[in-house]
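Presented below is the structure to which this report refers.
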Amino acid sequence: MKSTKKRPAKKTDNPIIGKLLRLKYKINEAYRNGGSSFKNIGDKKWVMNLISDVRNNNLTKLSKEDMLHCNGLWRTYEGK
């Protein structure tokens, strides 16, 4: 099978946004490879809302709950 192109995260001054964008790309990749899943769509919407919150409020740190949720999403979508 031909390997998929790795698209770099968009460059921003805030490193949190780059990491969240990479997570969003992972979820998109899992959605495309694994077919349709409402769980994937919900996870992607959650990450996109978090990205917009970080951008709009110029956040430099995430809350503990958001970090734990993001880490769980990384573990979920890393192997897919």
Side-chain angles (χ1 to χ4, degrees):
M1 178 188 271
K2 188 177 178 183
S3 65
T4 58
K5 276 175 76 174
K6 300 279 183 182
R7 127 174 82 166
K10 294 180 182 177
K11 281 289 192 185
T12 61
D13 292 337
N14 193 340
I16 294 173
I17 294 174
K19 291 176 184 178
L20 291 173
L21 285 172
R22 284 197 310 262
L23 178 58
K24 186 185 86 155
Y25 297 150
K26 278 281 189 195
I27 294 170
N28 279 341
E29 184 180 324
Y31 179 76
R32 278 187 246 115
N33 292 339
S36 175
S37 171
F38 291 110
K39 182 178 177 254
N40 291 10
I41 294 170
D43 291 342
K44 180 181 170 187
K45 283 184 181 181
W46 185 85
V47 172
M48 290 177 67
N49 285 335
L50 187 58
I51 290 170
S52 65
D53 286 345
V54 169
R55 283 182 175 157
N56 292 339
N57 300 319
N58 295 325
L59 299 177
T60 57
K61 288 185 179 180
L62 294 178
S63 68
K64 181 177 179 178
E65 295 83 14
D66 290 341
M67 271 193 238
L68 291 174
H69 190 78
C70 286
N71 287 341
L73 290 176
W74 272 109
R75 278 188 233 104
T76 302
Y77 292 106
E78 191 66 36
K80 291 185 179 183

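By convention here, the first residue in the shown sequence is residue 1. As a basis for the values below, the full set of heavy atoms in this structure was taken, side chains included, without hydrogen atoms, waters or symmetry mates.
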According to ring-ring contact (aromatic ring centres under 6.0 Å, His included), who are the partners of Trp46, at least two apart in sequence or on a separate chain?
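Here the qualifying residues are His69.
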Which heavy atom of [X] sits nearest to which heavy atom of [Y], and what is that distance?
X     : Y     : value
Ile16 : Lys61 : CD1-N, 3.7 Å
Leu20 : Cys70 : CD2-SG, 3.7 Å
Lys19 : Trp74 : O-CZ2, 3.8 Å

Go through Thr76 and Asp43 one step at a time and tell me if the side-chain contact (heavy atoms from CB on, under 4.5 Å) criterion holds.
CA-CA 11 Å; Thr76 302; Asp43 291 342; 5.5 Å; no
With sequence neighbours excluded, tell me which residues meet side chain to side chain contact (heavy atoms under 4.5 Å, CB included) with [X].
X     : value
Asn56 : Ser52
Thr60 : none
Leu68 : Lys64

Close side-chain approach of Ile27 and Leu23, heavy atoms under 4.5 Å
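A side-chain contact under 4.5 Å exists here.
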Please confirm whether the backbone N or O of Arg55 pairs with a side-chain atom of Asn14, one donor and one acceptor, at under 3.5 Å?
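Flag not set: sc Asn14 to bb Arg55 has no pair under 3.5 Å.
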Hydrophobic clusters here meaning ILVMFWY residues chained together by side-chain heavy-atom distances under 4.5 Å, can you tell me if Met67 and Val54 are in one?
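Met67 clusters together with Val54.
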Would you please test Ile51 and Val47 for side-chain contact (heavy atoms from CB on, under 4.5 Å) and show each step?
CA-CA 6 Å; Ile51 290 170; Val47 172; 4.0 Å; yes
Nearest-0.5 Å distance, CG of residue Leu50 to CG of residue Leu62
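The distance works out to 5.5 Å.
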Just jot down the side chain to side chain donor-acceptor pair (under 3.5 Å) partners of Lys44, sequence neighbours excluded, or say none.
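Partners of Lys44 by the side chain to side chain donor-acceptor pair (under 3.5 Å) criterion, ordered by chain and then number, come out as Asn28.
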